[in-house]
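If you're wondering where the values come from, they're calculated on a predicted model, not measured in any experiment.
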Amino acid sequence: MFNDTKVQLLNATFQETGLIDADVQPYEKSLLFEDGIEIEITKRAFCDIVPEIDDQSYMRLNNKLYKIMKVKPRSDYLESWLYECEREVT
């Protein structure tokens with residue numbers, strides 16, 4: 001893992017909960033929800049295990065906001081699937 005990107009963690013109400021180093025990579029995946037709603041996952045982030053990271057939180061990197069859609073815990077790190085939001089949070 002290359003933890004070369006500073007990522008700001010935000011909770012469900014967009015309050016900052018931390019700043020971490022992560023390895024962020026392009027990723028292509030579609031998630032299909034009820035009623036035929038489909039969203040595109042465009043990035044995934046790998047980082048140390050941080051309790052503030054869950055599927056209710058957000059990440060901000062490079063002035064873009066990402067919703068964490070899925071968290072996959074591994075033995076010593078987390079993989080998070082990210083959906084790029086259209087909304088800007090300042």
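In this structure, Thr17 and Ile53 have side chains that are not in contact, with every pair of non-hydrogen atoms separated by 4.5 Å or more. Taking 4.5 Å as the limit, some side-chain heavy atom of Leu31 sits within range of a side-chain heavy atom of Ile41. With contacts defined as side-chain heavy-atom distances shorter than 4.5 Å, the pair Val24/Phe46 does not qualify. When side chains are defined from C-beta on, Ser80 counts as touching Met59, because their heavy atoms get closer than 4.5 Å. With a 4.5 Å cut-off on side-chain heavy atoms, Leu65 and Leu10 count as touching. Lys29 places a side-chain heavy atom less than 4.5 Å from the side chain of Trp81. Counting heavy atoms from C-beta on, the side chains of Asp21 and Asp4 never come closer than 4.5 Å. At a threshold of 4.5 Å between non-hydrogen side-chain atoms, the residues Leu82 and Tyr58 do not count as touching.
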Problem - Residues Val50, Leu9; criterion side chain to side chain contact (heavy atoms under 4.5 Å, CB included); working and verdict - result: CA-CA 10 Å; Val50 178; Leu9 299 177; 4.0 Å; yes
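With rounding to the nearest 0.5 angstrom, the CD atom of Gln56 is 11.5 Å from the OG1 atom of Thr13. Taking CD from Gln8 and CG from Asn63, the interatomic distance works out to 10.0 Å, rounded to the nearest 0.5 Å. For the atom pair NZ (Lys67) and OG (Ser57), the distance works out to 6.5 Å, reported to the nearest 0.5 Å. In this structure, Thr5 OG1 and Gln25 CD are separated by 9.5 Å, a value rounded to the nearest 0.5 Å.
A pairwise comparison of heavy atoms in Leu78 and Val71 identifies CD2-CG1, 4.0 Å as the closest pair.
Salt bridge absent: Glu84 and Lys43 never bring a charged side-chain N and a carboxylate O closer than 4.0 Å.
A donor-acceptor pair is defined here as one N or O able to donate and one able to accept, closer than 3.5 Å; no such pair exists between the side chain of Asn62 and the backbone of Lys64. Checking side-chain atoms of Asp35 against main-chain N and O of Ile37 turns up no donor-acceptor pair under 3.5 Å.
Environment of CD in Glu28: sparse, with no more than 12 heavy atoms of neighbouring residues, nucleotides or ligands closer than 6.0 Å.
In this structure, Tyr27 is not a member of the same hydrophobic cluster as Leu61, with clusters built from ILVMFWY side-chain heavy atoms closer than 4.5 Å.
In this structure, Tyr83 has its ring center at least 6.0 angstrom away from the ring center of Tyr66.
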